[in-house]
Amino acid sequence: MSQPTSSIADLRKSYERAELNEDASQADPLKQFDQWLKEAIAAEVPEPNAMTLATVASNLRPSTRIVLIKGYDERGITWFTNYDSRKGQELAGNPYAALQFHWVELERVVRIEGVVEKVSDEESDAYFNSRPLDSRIGAWASPQSEVITGRSVLVANAAKYGAKFLLQPPRPPHWGGYRLKPDNWQFWQGRKSRLHDRLRYTLQGDASWLRERLAP
């Protein structure tokens, strides 16, 4: 293997785009998240809706994957997936999870922790029916996280379910939404000299939020 032209340990970036302080931040973390997400969308960063989802299996081994946020409000953060997938199985055994958004171009990270529950069937149906036809067929065609012999399995399944359901595929019973109800948020803004801004919001017993600054 050829040697890199420079050491990976020497890669550095100076973060100087913005700041995050207590006076300028929102007292409610959901409002702060809403502000930052809208700014990421306006800045046209690549896939501002992409978030890392971390779960922990019964053997205590963590795993991560990228999912797409599909909604957020005072109830929590919502995404949709296959309930039989690895993440679905891990959430069934341990409903606590963490989410992370990383908007590289804005030098920002948002971390969210909390308990996860399935959304209602009505909410899952409404979102499923709003998806493109190919995506709805794909939800039937892919036995997510299972071992398959090749891509031909997916192609054959898609053809089979496409012929079966035509233009009206129903939502599969194994597919639907999850909602993470946050009890801990962290907002990270890169700053010069590695003296980054980092604010944590912790849910209190009276449903208020305690905002604290953490050392970076």
Does a donor on one side chain sit under 3.5 Å from an acceptor on the other, for T52 and Q100?
no
Can you check whether S145 reaches Q89 side chain to side chain, under 4.5 Å on heavy atoms?
no
Measuring only between side-chain heavy atoms, which start at C-beta, is Q189 closer than 4.5 Å to H196?
no
Are any non-hydrogen side-chain atoms of I77 and I112 less than 4.5 angstrom apart?
yes
Please find the pair of heavy atoms, one from T81 and one from Q144, that lie closest to each other, and give the distance.
OG1-OE1, 3.5 Å
Is L68 linked to V109 within one hydrophobic cluster, defined over Ile, Leu, Val, Met, Phe, Trp and Tyr using a side-chain heavy-atom separation of less than 4.5 Å?
no
Is there a donor-acceptor contact under 3.5 Å linking the side chains of D34 and Y72?
yes
Between T78 and V119, is there a side-chain heavy-atom distance shorter than 4.5 Å?
yes
If hydrophobic clusters are built by linking Ile, Leu, Val, Met, Phe, Trp and Tyr wherever their side-chain heavy atoms come under 4.5 Å apart, do V116 and L30 end up in the same one?
yes
Filter on ring-ring contact (aromatic ring centres under 6.0 Å, His included), then keep only pairs touching residues 40-61, sequence neighbours left out; what's left?
none
Exceeds 12 heavy-atom contacts within 6.0 angstrom, atom CD of Q204:
yes
Result for side chain to side chain contact (heavy atoms under 4.5 Å, CB included) between Y178 and one of K118, K87, K70 points to K118
Going by atom types alone, do N21 and E19 pair a side-chain donor with an acceptor below 3.5 Å?
yes
Closest heavy-atom pair and its distance - A40, L106:
CA-CD1, 3.6 Å
CG/L199 to CD/Q26 distance, rounded to the nearest 0.5 angstrom?
12.0 Å
Verify the ring-centre separation between Y15 and W188: is it less than 6.0 angstrom?
yes
With a 4.0 Å cut-off, would you call E123 and R179 a salt bridge?
yes
Taking the six-membered ring for Trp, are the ring centroids of Y161 and W140 within less than 6.0 Å of each other?
yes
Just by modelled atom types, is the E22 backbone N or O under 3.5 Å from a matching donor or acceptor in the R211 side chain?
yes
Going by heavy atoms in the side chains, are S124 and F80 under 4.5 Å from each other?
yes
Could you tell me if the side chain of V110 sits less than 4.5 Å from the side chain of F33, heavy atoms only?
yes
Set of side chain to side chain donor-acceptor pair (under 3.5 Å) partners for K181, sequence neighbours left out:
none
Mind checking whether W103 and F101 have parallel, tilted or perpendicular rings, split at 30° and 60°?
tilted
Answer yes when R191 and E107 have at least one side-chain N-carboxylate O distance shorter than 4.0 Å, and no when they do not.
no
Tell me whether the count of non-hydrogen atoms from other residues, nucleotides or ligands lying under 6.0 Å of OH in Y96 goes above 12.
no
L91 side, atom CG; T55 side, atom OG1 - distance, nearest 0.5 Å
5.5 Å
Would a 4.5 Å heavy-atom cut-off, applied to side chains only, mark L20 and F187 as touching?
yes
So with a 6.0 Å cut-off around CZ of R194, is the heavy-atom count from everything else above 12?
yes
I137 CD1 to N157 CG distance, which is reported to the nearest 0.5 Å:
11.0 Å
Side chain to side chain contact (heavy atoms under 4.5 Å, CB included) assessment of I148 paired with L154:
CA-CA 9 Å; I148 58 176; L154 301 177; 3.9 Å; yes
For E212, does its backbone N or O pair with a side-chain atom of R198 as donor and acceptor, under 3.5 Å?
no
Are the side chain of R65 and the backbone of S63 linked by a donor-acceptor contact shorter than 3.5 Å?
yes
Sole candidate of F128, Y83, W79 that passes ring-ring contact (aromatic ring centres under 6.0 Å, His included) when paired with W175
F128
Can you find a side-chain donor-acceptor pair between Q186 and R200 that sits under 3.5 Å?
no
